[in-house]
Amino acid sequence: MNLKVTLPTTQGDLVLKNPIMSAAGTFGYGIEYEKVMNLDCLGAIVPNSMALTDGQPSTARRFYQSDYGFISSFGANNISYKTFIHEILPRLPYETTPVFIDIKAYDLEELTEFVSILSEVKELAGMEINLNCPYGNYAVPSYWKNGAQLEEMVRKVKAVAGKKILWFKAPTAEYPVQQIVDAVQDNGGDAFVSFNAIGGYSVDIETRKFRCGSGGGGGYSGPGIKPYALMCAHNSCKTAKIPVIGGGGIVCARDVLEYIMAGAHAVQIGSANLMRPDFMERLIEELQELMDKMHIESLDEIRGCAEYI
Ligand SMILES: Cc1cc2nc3c(=O)[nH]c(=O)nc-3n(C[C@H](O)[C@H](O)[C@H](O)COP(=O)(O)O)c2cc1C
């Protein structure tokens, strides 16, 4: 039995030791976790989002644990990408565990400039472009909201990415799956990450204030959204020729198998890392045990096997 996963990409096959990787914003920059788990056990590492220019963190309360999930609204709380590349990345096990940077940008010019800079960083396997962008620039609609703009973005980013692998991550909203997956795959994207979060709010009825985020709320994720996020993954898989990386609400190995059986190649783990710092290492062990128990030899054997009743 093995947990290996192969993702065909425009740069050749990307082989991951297993399908488990961190989701941006929930695993620090990786090294914060090196004392509690073996980082090299992961399929891939996606650290906190980064931008070309340093931004301002949100001054409102940024995180709230609600019933069945988490609401987060962090703003641009990134460290400088130069600090990450020079001081942190060399300490990650990038030779055996591919590292992908999730990118935020203010506009297309900044995005392409940043991808072009990162394309020269030998320790990086690739970049994950967040379709919520442009961040903080309300003059330009988010990339995913305009088909022509999205296609242009994918083409321009691809043109400067060199040999790096490019993933595109779904927005924090309900989105037109086929249109977005097509725009990504028809213009050179290597994989689609099918879920980010949905919008969420919470009100403290004692103080009569919204609990999180300067605009009243943020992205809602965690166990409560798993059925919805699984639908996003499955619908993406139905239309995608490129690999789909699922995620959303995963808290155990059975959840991982649900995503693989719905068609995903790999999965991202988000808020479960906040509940238990060594969660992903334990999840990989649990996945191995579950597959043994279920006599599943490889994930290829079960990918997309779920049938409608
Ligand atoms: C505290 C927190 C911060 C997050 N920050 C980002 C981010 O900066 N960029 C991003 O693309 N997604 C971000 N996300 C979304 C996660 O990457 C992930 O897609 C989402 O949490 C769904 O997975 P989960 O249900 O396992 O938490 C964040 C999520 C949380 C909980």
Side-chain angles (χ1 to χ4, degrees), residues 19-30 32-33 44-51 54-58 60-79 81 84 100-105 111 127-136 142-144 167-173 175 191-200 202 211-213 217-233 236 244-256 258-259 264 266-277 279-280 283:
I20 308 300
M21 66 182 79
S22 51
T26 64
F27 195 57
Y29 295 93
E32 295 90 335
Y33 287 74
I45 296 174
V46 182
N48 279 351
S49 295
M50 265 162 259
D54 297 348
Q56 286 300 313
S58 167
R61 181 175 177 177
R62 293 184 276 165
F63 187 60
Y64 174 67
Q65 180 164 4
S66 70
D67 298 336
Y68 315 116
F70 298 84
I71 302 172
S72 60
S73 175
F74 274 66
N77 61 331
N78 50 289
I79 58 165
Y81 79 89
F84 177 78
F100 285 81
I101 292 192
D102 178 277
I103 294 185
K104 289 178 175 171
L111 178 64
M127 291 70 112
E128 176 181 272
I129 313 295
N130 194 317
L131 296 186
N132 283 325
C133 293
Y135 266 85
S142 302
Y143 294 130
W144 68 275
W167 295 346
F168 292 82
K169 183 172 180 182
T172 304
Y175 59 92
F192 182 62
V193 181
S194 56
F195 185 74
N196 189 323
I198 56 172
S202 177
R211 284 188 153 114
C212 170
Y220 178 54
S221 58
I225 51 77
K226 198 193 85 194
Y228 176 79
L230 188 64
M231 178 184 73
C232 295
S236 302
V244 169
I245 300 169
I250 294 175
V251 293
C252 63
R254 297 185 78 87
D255 293 341
V256 176
E258 281 196 58
Y259 274 95
V267 290
Q268 295 194 338
I269 309 299
S271 38
N273 295 316
L274 309 174
M275 293 186 266
R276 186 170 177 142
F279 177 76
M280 289 191 285
L283 180 66

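Both ligands and their constituent atoms are indexed starting at 1 by order of listing. These values consider heavy atoms only, across backbone and side chains, with no hydrogens, waters or symmetry-generated copies.
Residue Ala197 places no heavy atom under 4.0 Å from ligand 1. Assignment of Gly247 to the shell around ligand 1 is not supported, since no heavy atom sits closer than 4.0 Å. Within the structure, ligand 1 has Lys104 among the residues with a heavy atom less than 4.0 angstrom away. Ligand 1 is never approached by Gly219 to a heavy-atom distance shorter than 4.0 Å.
By the criterion of a heavy-atom distance under 4.0 Å, both the backbone and the side chain of Ala24 are placed next to ligand 1. Contact annotation for Asp102 and ligand 1: only side-chain heavy atoms (C-beta onward) come within less than 4.0 Å of the ligand. At a heavy-atom distance under 4.0 Å, no atom of Asn132 approaches ligand 1. When heavy-atom distances to ligand 1 are checked against a 4.0 Å cut-off, Thr26 comes that close only through its side chain, counted from C-beta outward. Contacts of Glu128 with ligand 1, taken as heavy-atom pairs under 4.0 Å, are absent altogether.
Residues Ile245 and Met21 are in side-chain contact: their nearest non-hydrogen atoms beyond the backbone lie under 4.5 Å apart.
Atom CD1 in Ile269 sits 12.0 Å away from atom CG in Leu274 (nearest 0.5 Å). Once rounded to the nearest 0.5 Å, the distance linking CD of Gln65 with OG of Ser72 reads 12.0 Å. Rounding to the nearest 0.5 angstrom, the gap separating the NZ atom in Lys169 from the OG atom in Ser49 is 7.0 Å. Atoms CZ and OH, from Phe70 and Tyr64 in turn, are 11.0 Å apart once rounded to the nearest 0.5 Å.
Among the atoms of Ala272, none of the N or O lies under 3.5 angstrom from an N or O of ligand 1. Backbone and side-chain nitrogen or oxygen atoms of Ile269 are examined, and none is located within less than 3.5 angstrom of a nitrogen or oxygen of ligand 1. Below 3.5 Å of separation, one finds an N or O of Gly249 facing an N or O of ligand 1. Not a single N or O atom of Gln268, backbone or side chain, sits closer than 3.5 Å to an N or O atom of ligand 1. Not a single N or O atom of Ser72, backbone or side chain, sits closer than 3.5 Å to an N or O atom of ligand 1.
Close approach to Phe63 involves these atoms of ligand 1, each under 4.0 Å from a residue heavy atom: 1 (C). Using a 4.0 Å cut-off to heavy atoms of Asn130, the atoms of ligand 1 that qualify are 9 (N), 10 (C), 11 (O). Per-residue contacts place Lys169 under 4.0 angstrom from the following atoms of ligand 1 (heavy atoms of the residue considered): 10 (C), 11 (O), 12 (N), 15 (C), 16 (C), 17 (O), 18 (C), 19 (O). Counting the atoms of ligand 1 from 1 in the order shown, those under 4.0 Å from a heavy atom of Ile225 are 25 (O). Each of the atoms 20 (C), 21 (O), 22 (C), 25 (O), 27 (O), 31 (C) of ligand 1 lies under 4.0 Å from some heavy atom of Ser221. Of all the atoms in ligand 1, the ones that sit under 4.0 Å from a non-hydrogen atom of Ala23 are 16 (C), 17 (O), 18 (C).
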### Query
Please walk me through it: do Phe195 and Ile225 pass side chain to side chain contact (heavy atoms under 4.5 Å, CB included)?
CA-CA 10 Å; Phe195 185 74; Ile225 51 77; 3.5 Å; yes
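Remark: side-chain polar atoms of Ser22 are paired, donor with acceptor, to backbone N or O of Val46 under 3.5 angstrom. At least one donor-acceptor pair under 3.5 Å links the side chain of Tyr259 to the backbone N or O of Gly248. Of the possible donor and acceptor atoms, one in the side chain of Asn132 sits under 3.5 Å from a partner among the backbone N and O of Thr172. Checking side-chain atoms of Tyr33 against main-chain N and O of Pro277 turns up no donor-acceptor pair under 3.5 Å. Glu258 places no side-chain N or O within donor-acceptor distance of the main-chain N or O of Val256, the cut-off being under 3.5 Å. Within the 3.5 Å criterion, the main-chain N or O of Leu131 finds no donor-acceptor partner in the side chain of Tyr175.
Around atom OH of Tyr68, no more than 12 heavy atoms belonging to other residues, nucleotides or ligands sit under 6.0 Å away.
Of the options Ser49, Ser271, Pro171, the smallest heavy-atom separation from atom 7 (C) of ligand 1 is shown by Ser49.
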